[in-house]
Amino acid sequence: MWWIPTAEAQSFMPPAATQIAENVDTLYGFLLISSLVSFVLLMGSLAYFVNKYRRKTDSDKTAYITHDYRLEFLWSFIPFVIFMICFAWGAKIYLDMRAVPEAALQIHVVAKKWDWEFIYKNGRKITSDVDDEGNKVPATMVIPVNKPAQMIMTSTKVNPADKKDRAVLHSFFVPAFRVKQDIVPGRYTQLSFTPTKEGTFWIFCTEYCGTGHSNMMGRVKVVSEQAFNDWVIGDESGGPKELSLADKGKEIYKTRACIGCHSLNGSKMTGPTWKGLYGSDRVFADGSTGKADDNYLRESVLNSNAKIVKGYQPNQMPAYQGQLTDEDVTAVIEFIKSVK
Amino acid sequence: MSEGKNYINQEAGLMSWLTSRDHKRIGLLYFYSIGFFFFIGGVLAMLIRTELFRSGNLFDPALYNRFMTYHGVIMVFFVIVPGIPAILGNIIMPLHLGARDVAFPTVNLMSWYCYVGGAILAFWSIFLGGADTGWTFYTPYSINFSGANITAALAAFVAGFSSILTGVNFVATVHKLRCPGMTMKRITLFTWSLYATAILQVLATPVVGITVLLLVMENIFGIGIFDPEMGGDPVLFQHFFWFYSHPAVYIMILPAMGIISELITTFSRKTIFGYTAIAYSSLAIAGVSFLVWGHHMFTSSQSEVAAVVFSVITMLVGVPTAIKTFNWVATLYKGSIQMQSPMLYALGFMFIFTIGGVTGIFLSTIATDIHFHDTYFVVAHFHYVMVGGTLMAIMGGAYYWFPKITGRMFSEPWARMSWVFIFVGFNVTFFPQFVLGAMGMPRRYADYLPAFESLNQISSLGSYMIGTGFLIALYTFVQGAYRGEEAGMNPWGSKTLEWTIPSPPPHENFEEIPTVTAGPYEYR
Ligand SMILES: [Cu+2]
Ligand SMILES: [Cu+2]
């Protein structure tokens with residue numbers, strides 16, 4: 001369709017750096033053209049009528065036309081059909097956008113007032129910085145081109161000790177990828193994308209979060225796979241290497257008593273084993289079922305009584321709400337993921 | 001002023017106004033109070049645009065956030081939601097029905113006092129430090145302990161009662177006070193739209209009331225409802241909020257559509273095309289509008305299934321809206337069209353509202369909404385619908401009924417000039433914002449990247465044009481009310497009942513209750 005590239009060139013959308021973004025732009029081109037056509041038709045006939053039927057004398061008589069059902073049906077039906085096309089097309093792209101690709105590179109995104117943090121599985125943590133002139137250097141996430149990446153996102157408080165402070169909503173928006181997902185305190189939300197172009201793109205916070213909302217920017221830098229591998233292994237800062245998330249989780253497993261009730265080898269103790277737990281189907285005492293995904297594990301760790309695994313007793317496991325930080329919980333979950 | 005007694009000179013003194021149960025006087029009370037808020041909201045809008053004129057910070061971001069919040073709260077809850085029903089609805093609707101007043105005149109006065117109560121709370125919240133949550137009061141941000149956020153939310157709650165009371169009153173009036181011969185198929189389309197609106201007001205407003213109460217209880221008693229730290233769910237608040245606020249969008253726009261129907265028929269001196277379709281499409285919009293709130297939450301972490309369902313239902317709302325627009329254009333066909341200033345506003349409405357409508361489709365299509373959500377594209381869209389739509393209609397309606405309400409004519413050249421400034425200024429302000437949104441500029445930003453600067457400057461200049469336009473309109477109103485020529489009973493040659501009585505109308509409108517034998521738009 002020849003008009004779609006034309007529409008895109010005039011669309012003012014930022015450069016598209018994923019396949020999904022290109023699909024969104026094609027749909028956007030369709031919307032732009034069809035609304036332009038309907039607008040011109042409608043305003044054109046309005047202008048034509050206003051011009052042609054201008055009042056001539058004060059005693060003008062007008063035609064007494066009350067309705068025309070065929071015409072009215074037609075102009076209800078045609079928009080209806082167009083709207084349904086828009087809907088179906090949009091829903092299709094949306095579902096593709098939300099599907100989690102296999103073997104995606106998982107990165108933990110931590111949003112807080114008013115900055116981003118990106119934590120890789122190997123423990124590498126990217127935060128914003130300040131340059132010599134005192135200007136903020138936004139946190140820059142690095143990902144390889146043509147490889148799916150999945151963001152696992154959570155919002156935390158700046159100061160966990162402050163009772164009055166709250167973790168608030170944020171939203172992760174990369175215009176070049178045409179994706180956006182709110183980050184909700186108290187749970188994980190996820191978002192994935194597969195960049196097809198190298199380059200550095202903006203990340204904006206698009207859910208109002210207070211005074212520093214408009215400065216809550218980050219960047220995502222898409223590099224070749226080779227460059228990514230070098231980057232992720234080499235520690236540019238040269239400082240002491242951090243524990244990987246899973247190792248940190250293992251520490252917590254050993255030091256925070258989980259080890260007393262949860263085995264790693266499949267044997268049953270006071271609590272269920274963690275072997276093969278991640279992603280498995282769970283059956284609960286009340287007969288309902290669910291999948292052991294990040295949000296389920298988070299809830300189980302913080303408030304295990306919310307869902308009781310079938311065959312186990314409630315009120316055995318202490319509630320860790322307020323005991324473990326958001327980052328601890330993420331680390332434990334990464335550890336559970338590693339126990340296959 | 002014409003001979004004899006009318007509702008304005010019937011009684012004198014401030015008290016006679018503050019205790020009046022005459023629907024026309026209450027309408028004017030609303031006019032003054034809403035006009036006052038509109039002025040404040042407008043000044044805030046220009047402060048916002050002044051901050052955004054350049055990249056970088058002119059005001060402290062915390063102050064900017066308060067400008068942005070009060071602009072939204074005031075314009076939504078104190079101007080556009082009550083606007084048309086409380087001012088023009090109050091004054092005109094009983095006249096359209098051939099009634100002496102609304103069904104419950106005392107309740108009508110009470111609704112004004114609720115409005116004033118809400119207004120006082122809104123001011124009080126400023127002294128508590130000022131709310132900075134945005135007009136949506138999203139949790140958990142709004143859960144803080146300064147009290148300003150909660151007080152501002154309470155202000156919306158109290159003002160909500162004014163809306164509910166007006167709604168109840170209008171439903172009762174339409175059902176009970178139609179004059180002999182006035183069947184439901186003979187009431188004006190303005191009345192139909194107010195009727196559909198009144199149903200929304202009565203059914204939807206309590207939800208926002210309950211939500212605010214839950215917020216207050218959570219704050220005071222520490223019951224975990226929305227606060228994740230107490231086991232609550234912050235997204236639940238969004239569901240509650242939009243369950244009201246989406247229908248509220250139609251509370252704002254339906255009466256505007258009603259006014260447009262009146263203006264188009266009068267100034268093309270032609271019967272309306274598709275009376276039934278227009279009347280029933282109002283009801284259809286009102287009904288479906290309760291089922292689409294999730295389209296504000298496509299990125300909120302609601303399930304994918306929910307998103308898809310909300311998207312398809314939202315598309316359905318587009319259909320009755322399109323029907324109305326086509327019917328208005330068809331009404332012009334073979335008419336005798338006169339381009340007086342009220343008609344200019346009606347045509348301006350169609351232009352702006354159509355842009356607002358088609359961009360609505362961009363937003364109800366999920367894939368594109370994900371990109372546009374919470375960017376300036378949305379800001380532009382809802383200003384096109386709510387300001388370009390509702391405000392254009394209010395202005396058109398105000399000029400149209402000005403001679404009836406005051407008994408005098410305004411100056412047509414000045415009125416046209418106000419139209420030029422408002423219409424052009426509006427498009428200059430808001431059209432660039434669509435582009436900014438497509439480029440990815442998020443809303444509620446006190447500062448932005450330099451790449452967004454030039455379009456923001458155009459937008460800011462446009463906002464000053466709008467401001468100038470409204471000042472000219474204000475001058476036109478004042479000048480007309482004091483110095484205008486006598487208008488006579490029916491200056492526009494209109495067919496509806498209000499034009500059969502003197503201008504301004506006497507205290508109880510009709511000396512003798514009329515009997516009607518035909519529909520409202522009998523131009524033959
Ligand atoms: Cu933010
Ligand atoms: Cu909505």
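Throughout, a chain's letter reflects where its sequence line sits, starting with A, and its residues are numbered from 1.
Top candidate by heavy-atom pairs under 4.5 Å with chain A, chosen from D60(B), I366(B), V358(B), is I366(B). Most heavy-atom pairs under 4.5 Å with chain A: of the set V329(B), V235(B), L436(B), this distinction falls to V329(B). For the set T189(A), L302(A), V184(A), N303(A), the entry with the most heavy-atom pairs within less than 4.5 Å of chain B is V184(A). For chain A, the option among T375(B), T139(B), T133(B), N65(B) with the highest count of heavy-atom pairs below 4.5 Å is N65(B). Looking only at heavy-atom pairs under 4.5 Å with chain B, the residue among C205(A), A91(A), S171(A) that has the most is C205(A). Among A306(A), S214(A), S76(A), the residue with the largest count of heavy-atom pairs under 4.5 Å with chain B is S214(A). Per-residue counts of heavy-atom pairs under 4.5 Å with chain B were compared for K52(A), K61(A), R98(A); the largest is that of R98(A). Considering only heavy-atom pairs separated by less than 4.5 Å from chain A, the leading option among S301(B), A62(B), P61(B) is S301(B). Heavy-atom pairs under 4.5 Å with chain A were tallied for G519(B), A322(B), S311(B); the largest tally goes to S311(B). In terms of non-hydrogen atom pairs under 4.5 Å with chain B, the most contact-rich of G212(A), A88(A), A21(A), C86(A) is C86(A). Per-residue heavy-atom pair counts under 4.5 Å with chain A were compared for T276(B), T314(B), L63(B), L449(B), and the maximum is reached by L449(B). Counting heavy-atom pairs under 4.5 Å between each of I82(A), L71(A), D96(A), D68(A) and chain B puts D68(A) at the top.
Contacts of D227(B) with chain A are made by side-chain atoms alone, with heavy-atom separations under 4.5 Å and no backbone atom involved. Only the side chain of L347(B) has a heavy atom closer than 4.5 Å to any heavy atom of chain A. For chain A, the nearby part of E229(B) is the side chain; its heavy atoms alone come within less than 4.5 Å. Using a 4.5 Å cut-off between heavy atoms, F434(B) does not touch chain A at all. With a threshold of 4.5 angstrom between heavy atoms, A167(A) approaches chain B through N, CA, C or O but not through any side-chain atom. Looking at L36(A), neither its backbone nor its side chain comes within 4.5 Å of chain B, counting heavy atoms on both sides. For T206(A), the parts sitting under 4.5 Å from any heavy atom of chain B are the backbone and the side chain alike. For Y448(B), no part lies under 4.5 angstrom from a heavy atom of chain A. Of the atoms belonging to Y521(B), it is backbone heavy atoms, and not side-chain ones, that fall under 4.5 Å from chain A. With a 4.5 angstrom heavy-atom cutoff, Y275(B) touches chain A only via backbone atoms. Heavy atoms closer than 4.5 Å to chain B are found nowhere in N51(A), neither backbone nor side chain. Neither the backbone nor the side chain of M297(B) comes within contact range of chain A; no heavy atom of the residue lies under 4.5 Å from a heavy atom of that chain. Interface remark: I370(B) contributes backbone and side-chain atoms alike to the contact with chain A (heavy atom separation under 4.5 Å). Both the backbone and the side chain of Q181(A) come within less than 4.5 Å of a heavy atom of chain B. Heavy-atom distances place both the backbone and the side chain of V24(A) under 4.5 Å from chain B. Using a 4.5 Å cut-off between heavy atoms, E207(A) contacts chain B through both its backbone and its side chain. Only the backbone of S268(B) comes within less than 4.5 Å of a heavy atom in chain A; its side chain stays farther off.
Cation-pi geometry between K180(A) and F173(A) is met: under 6.0 angstrom from the ring centre, within 45 degrees of the axis. Cation-pi geometry between R298(A) and Y188(A) is met: under 6.0 angstrom from the ring centre, within 45 degrees of the axis. A cation-pi arrangement is present between R524(B) and Y64(A) under the rule of less than 6.0 angstrom and at most 45 degrees off the ring axis.
Of residues 151-159 of chain A, those residues lying under 4.5 Å from chain B by any heavy-atom pair are K157(A).
A donor-acceptor pair is defined here as one N or O able to donate and one able to accept, closer than 3.5 Å; no such pair exists between the side chain of K270(B) and the backbone of Y523(B). Formation of a donor-acceptor pair under 3.5 Å by the T365(B) side chain with backbone atoms of T368(B) is not found in this model.
Ring geometry for F237(B) against Y138(B) counts as perpendicular: the plane angle is over 60°, on a 0 to 90° scale with 30° as the lower cut. Ring-plane geometry between F193(A) and F177(A) is classed as tilted, the angle between the planes lying from 30 to 60 degrees on a 0 to 90 degree scale. Below 30°, between 30° and 60°, or above 60°: for F30(A) and W89(A) the angle between ring planes is between 30° and 60°, a tilted geometry. Ring geometry, F326(B) versus W75(A): the interplanar angle falls from 30° to 60°, so the pair is classed tilted.
K495(B) pairs by the salt bridge (Lys or Arg N to Asp or Glu O under 4.0 Å) definition with nothing, not counting sequence neighbours.
Using a 4.0 Å cut-off between charged side-chain N and carboxylate O, D294(A) and R187(A) make no salt bridge.
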Intermediate values then yes/no, side-chain hydrogen bond (donor to acceptor under 3.5 Å, both in side chains), N23(A) and Q19(A): CA-CA 6 Å; N23(A) 298 349; Q19(A) 184 55 47; 3.1 Å; yes
Do T359(B) and H381(B) pass the side-chain hydrogen bond (donor to acceptor under 3.5 Å, both in side chains) test, and can you show the C-alpha distance, the side-chain angles, and the key distance before you say yes or no? CA-CA 6 Å; T359(B) 51; H381(B) 161 72; 3.1 Å; yes
Give the C-alpha distance, both sets of side-chain angles, the deciding distance and a yes or no for side-chain hydrogen bond (donor to acceptor under 3.5 Å, both in side chains) between S336(B) and R55(A). CA-CA 4 Å; S336(B) 160; R55(A) 185 166 302 177; 3.0 Å; yes
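You'll find the ring centres of F59(B) and Y64(B) outside the 6.0 Å limit. Aromatic ring centroids of H67(A) and F273(B) lie 6.0 Å or more apart. Side-chain rings of F353(B) and Y384(B) stay apart, their centers remaining 6.0 Å or farther from each other.
Between the side chains of Y445(B) and N215(A), no donor N or O sits under 3.5 Å from an acceptor N or O.
Nearest heavy atom pair, residue C209(A) against residue W114(A), reads O-NE1, 2.7 Å.
Annotation: the span from Q238(B) atom CD to S300(B) atom OG amounts to 5.5 Å, rounded to 0.5 Å.
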